[in-house]
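Only one structure is covered here, and it is reproduced in the block below.
Worth saying up front: this structure is predicted, and the values here are computed from it rather than measured. Note: hydrogens, waters and symmetry copies are ignored here, and every other heavy atom, side chains too, is used.
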Amino acid sequence: MSETSSLTVTIASLSAHEGQTVTLRGWLYNIRSSGKLLFPTFRDGTGTIQGIVPRAAVPEEVFETLKNLQLESSLTVTGKVRADSRAPSGYELDVESIHIISAVSADEPFPITLKEHGVDFLMEHRHLWLRTPRQSAILRVRATIMRAAAEYFDTNGFIRTDPPILTPNACEGTSELFEMDYFDDDKAYLTQSGQLYIEATALALGKVYSFGPTFRAEKSKTRRHLTEFWMIEPEVAHLELNGLMDLAEAFITHIVTRVLESHRADLKVIGRDVEKLEAVILPTDASSKVATATDTGTNIAAPTDAGINVIAPSGTGINIAAPTGTGIQVAAPTDASIKNESVILSEGAAEVEGPAVKTAPNRFPRLSYDEAHAMLEKAFAEGKIENPHTYGDDFGSPDETYISSQFSKPVMVHRYPAAFKAFYMQPDPLDPTKALCVDVLAPEGYGEIIGGSQRIDSYDLLKQRIEEHNLPLAAFQWYLDLRKYGSVPHAGFGMGIERAVAWICGLDHVRETIPFARTLNRIYP
RNA sequence: UCCUGAGUAGCUCAAUGGCAGAGCAUUCGGCUGUUAACCGAAGGGUUGUAGGUUCGAGUCCUACCUCAGGAGCCA
C-alpha cells in the first residue's frame with residue numbers, strides 16, 4: 001500500500017485509460033463479496049467504478065483492509081482498468097493496492113444506505129445525502145442550468161448588475177419578508193426580488209440582468225416552495241411584452257439545449273424522460289396538443305430545417321445570437337412558424353405594439369388570460385378539472401397544471417387582470433383592466449417558472465398605483481425618479497432556478513434542486 | 001393560518017385491545033463474478049411527549065410536539 005507513481009485520474013475519464021494502471025482518489029461507495037472475491041464500488045464525485053479484488057491476487061493486507069472497511073471511508077486505490085461486460089459501468093478496476101485516508105468507524109456507520117429512506121431522515125442528513133449518485137447528478141445539472149442562464153445573457157449583450165440583498169422596504173408589498181435590525185433604529189429586509197433596482201440599471205445600461213439569492217417568508221409548504229431560492233432576472237429598456245415573451249422563449253430553449261448537450265448520463269441517473277425535454281426545443285411539435293386545445297383542427301406543418309429557429313423581434317434592441325457550434329440557427333420566420341402562430345397567438349396581440357415589433361416564431365404556445373380561462377371553462381364542462389375557474393380570479397395550481405398539461409412545451413399566459421397583479425405592471429392599451437404581463441408555465445404540471453411584465457413608464461400612473469396599493473410613497477421616490485428622467489418602455493422577468501431545475505430534472509420537490517434547501521420547517525443542516 | 005395524513009430498533013416498515021416482529025445496517029461465520037449480491041447466526045426497543053379509558057394500550061380518547069403535502073400566496 002505504498003505510494004505509487006501511477007497516473008491519478010477521475011472515474012469519469014476511466015474509459016480513456018483502458019489497459020493502464022491508474023490511481024483514483026475517492027470513497028468506498030459499496031462493497032459486495034463472493035467467497036474469496038471482493039467487489040468494492042468506488043466513487044469520486046465524477047462517477048462510480050466497480051473494483052475486483054481476488055484474495056489470491058493481492059497482498060493479504062489489501063484484501064483484509066478492504067473487507068473490513070466501512071462505506072464512505074476515503075481512500076486512494078490503484079489498479080488496472082479493464083473493460084468487462086459484467087461490471088455495471090462496462091469497466092472495472094483490478095485492484096492492486098489501496099491507501100486508506102480516513103476509515104469510517106463501524107460503531108457509527110455511514111447513515112445513508114442504498115435502501116430507501118424517508119424525507120425527514122434524508123433532509124436531516126442532507127450533508128451526507130449529497131454523496132449519492134442521484135443527488136450529485138442533480139447538482140451537476142443545476143450548475144449547468146445556472147451557467148447556461150448567465151451565458152445566455154452574457155453572450156447577448158446583457159450586463160450583469162446585481163441588486164442589493166438588504167433592502168429598506170418591500171419590493172412589491174405582497175410576500176412576507178424576512179426582517180432584521182439594521183444598526184440602531186432601522187429595519188432591513190432580505191430581498192424578495194431585485195427587479196426595482198435593475199429597472200434603474202436597465203435605464204443606465206440598456207440590457208441588464210441580475211442573478212442571486214432571494215428570500216420569501218411565506219408560510220408555504222409545498223413541493224414548489226423554498227424560503228431561500230435563486231432567481232435570474234433580465235430587465236431591458238425599450239422592450240415591450242411580445243419581445244419579452246420572445247426573450248423568455250429563446251432563454252429557456254438555450255438552457256434546455258445546454259442541459260441536453262452535456263448531461264445525458266446525469267439525466268439517466270436521475271431517471272428523467274429525456275424525450276419530454278427534446279420536445280421543448282424541437283422547432284415545432286406536430287404531435288402537440290396545440291391544435292386540439294384551440295379546436296381549430298389546423299394542421300401544423302413543421303419547418304423544413306431541423307435546426308432551432310431563434311427569431312429576434314426587430315426594433316426591440318434585442319439581438320439574439322446563438323453561440324457558434326451549438327446547432328442553434330438564427331433564422332427568419334418560416335411560413336410554417338407563422339402559420340403555427342396563427343393557430344395559437346391571440347388575435348390582435350401582435351398589433352398592440354405596432355409595426356415596429358415583428359411577430360414571434362411562437363414555438364412556445366401563447367395564451368391570453370381570456371383564452372386560458374376559456375380553456376378551463378371547457379375543461380370543467382367536460383369534467384377534466386374539479387373546480388370551475390372564476391373569471392377575474394388568478395389561476396390556482398390545479399388550473400396551471402391543467403393548462404400546461406395541454407402542451408408539450410412551456411406555455412406563456414399573458415395579459416392577466418391587473419387587479420391581482422403587481423402595482424408596477426403596464427396596463428394593456430387595448431384593455432386597461434389587463435396588465436401586460438406573462439407567466440411561463442413549465443410542462444408536466446411544474447407550474448410557474450417565469451413571471452414577468454412590461455413596467456409602467458408613466459410617472460403619474462405609477463404614482464397613482466403606489467397610492468392605490470397603500471405603499472409608502474417616500475420609499476418609492478427613487479423608483480418614481482426613473483419615470484421622471486427619460487422614462488422609456490421597459491420589461492423584464494424573473495426565473496426561479498430551483499423550479500427550473502425541478503422541471504428539467506423531473507423532480508418531485510424543489511428541496512432536491514439546491515445543496516441545502518431552506519424550507520418553512522427546516523434550517524438544518 | 002387552514003385542511004389532511006404520519007410518528008414502533010440506526011434506517012424502511014409490520015403487529016383483531018392480549019408474548020415487541022421482519023428486511024437492511026452492525027458483529028461473527030459461509031460462498032471465486034457479485035450487480036441495492038446471497039445463505040446462516042448474534043446483539044439491538046422508555047412504540048414522539050403528557051394525561052385518560054381498560055383486567056390489559058403500539059393499537060381507543062384528549063392535549064401538545066415533530067414531520068409530510070395540499071390550500072391560500074408566490075418563482
Worksheet item: CG of A:Leu37 versus C1' of B:U34: gap in Å, rounded?
Response: 8 Å
Worksheet item: B:A15 and B:G7: how far apart are their C1' atoms, nearest whole angstrom?
Response: 16 Å
Item to complete: Give the rounded distance in Å between these two atoms: CZ of A:Arg142 and C1' of B:A75.
Response: 13 Å
Item to complete: Using side chain to side chain donor-acceptor pair (under 3.5 Å) as the criterion, point out the one residue from A:Arg82, A:Lys80, A:Arg86 that pairs with A:Glu92.
Response: A:Arg82
Worksheet item: Looking across every strand, which nucleic acid part, if any, lies under 4.0 Å from A:Gly447 by heavy atom: base, sugar-phosphate, or nothing?
Response: nothing
Worksheet item: Can you tell me the Watson-Crick or wobble partner of B:A9, both distances under 3.5 angstrom?
Response: none
Discussion item. Within the 4.0 Å heavy-atom criterion, would you say A:Pro133 contacts the bases, only the backbone, or no part of the nucleic acid?
Written reply: nothing
Worksheet item: What is the distance, rounded to the nearest whole Å, between atom OH of A:Tyr416 and atom P of B:C73?
Response: 13 Å
Worksheet entry | Aromatic contact, A:Tyr416 with A:Phe395 (centres under 6.0 Å) | yes
Residues 105-113 of chain A side chain polar contacts: donor-acceptor under 3.5 Å, at least two apart:
| unit_1 | atom_1 | unit_2 | atom_2 | d |
| --- | --- | --- | --- | --- |
| A:Ser105 | OG | A:Asp107 | N | 3.0 |
| A:Thr113 | OG1 | A:Lys115 | N | 3.1 |
| A:Thr113 | OG1 | A:His117 | NE2 | 3.1 |

Item to complete: Round to the nearest Å and state the distance from A:Leu520 atom CG to B:A68 atom P.
Response: 9 Å
Item to complete: Answer with yes or no whether A:Arg32 presents, from its side chain, a donor or acceptor under 3.5 Å of a partner atom in the base of B:C31.
Response: no
Practice prompt. Identify whether any heavy atom of A:Glu228 sits under 4.0 Å from a base atom; if not, whether one sits that close to sugar-phosphate; answer base, sugar-phosphate or nothing.
Written response: nothing
Worksheet item: Whole Å only: how far is the CZ atom of A:Phe121 from the P atom of B:C11?
Response: 6 Å
Worksheet item: Given A:Leu24, which of A:Thr76, A:Thr10, A:Leu93 fulfils the side-chain contact (heavy atoms from CB on, under 4.5 Å) condition?
Response: A:Leu93
Worksheet entry | N/O donor-acceptor pair, side chain A:Ser220 with base B:C73, under 3.5 angstrom | yes
Worksheet item: Under 4.0 angstrom, heavy atoms only, what part of the nucleic acid is A:Phe229 near: base, sugar-phosphate, or nothing?
Response: base
Item to complete: Say whether, by atom type as modelled, one donor and one acceptor occur between the side chain of A:Thr46 and the main chain of A:Ile11 under 3.5 angstrom.
Response: yes
Worksheet item: Is there a side-chain polar atom (N or O) of A:Asn521 under 4.0 Å from OP1 or OP2 of B:A68?
Response: yes
Item to complete: Please find out if less than 6.0 Å separates the ring center of A:Phe407 from that of A:Phe364.
Response: no
Worksheet item: What distance, rounded to whole Å, do you find between the two P atoms, one in B:C19 and one in B:G56?
Response: 15 Å
Response to the item:
Using Watson-Crick geometry (N1-N3 plus N6-O4 or O6-N4) or G-U wobble (N1-O2, O6-N3), each under 3.5 Å, B:G51 is paired with B:C61
Worksheet entry | Side-chain N,O (A:Arg224) to OP1/OP2 (B:A71) below 4.0 Å | yes
Fill in: B:U26: pairing nucleotide in any strand, Watson-Crick or G-U under 3.5 angstrom
B:A42
Response to the item:
Re B:C19: Watson-Crick or G-U wobble partner, both distances kept under 3.5 Å, found to be none
Worksheet item: For nucleotides 22-30 of chain B, read 5' to 3', which letter fits each nucleotide if B means a protein heavy atom sits under 4.0 Å from the base, S means only the sugar-phosphate is that close, and - means neither?
Response: --SSSS---
Discussion item. From NE2 of A:His117 over to C1' of B:A36, roughly how many Å is that when rounded to an integer?
Written reply: 11 Å
Worksheet item: Would one find a side-chain N or O of A:His509 under 4.0 angstrom from OP1 or OP2 of B:G69?
Response: yes
Discussion item. Expressed as a whole number of angstroms, how long is the span from A:Arg511:CZ to B:C67:P?
Written reply: 13 Å
Worksheet item: Does A:Lys221 or A:Gly496 map to a spot on RNA chain B nearer the 5' end, using the closest nucleotide for each?
Response: A:Lys221
Item to complete: Report yes if the distance between the aromatic ring centroids of A:Phe153 and A:Phe251 is under 6.0 Å, otherwise no.
Response: yes
Worksheet item: C1' atom, B:A14 versus B:U59: distance in rounded Å?
Response: 13 Å
Item to complete: Identify whether a stacking contact exists between A:Phe39 and B:G33, where the ring centres must be under 5.5 Å apart and the planes under 30° apart.
Response: no
Practice prompt. Starting at atom CD1 of A:Ile49, determine the distance to atom P of B:G33, rounded to an integer number of angstrom.
Written response: 20 Å
Discussion item. Classify A:Leu226 by what it touches in the nucleic acid, base, sugar-phosphate, or nothing, heavy-atom distance under 4.0 Å.
Written reply: base
Discussion item. If the cut-off is 4.0 Å, is A:Arg223 near the phosphate of B:A75, judged by side-chain N/O to OP1 or OP2?
Written reply: no
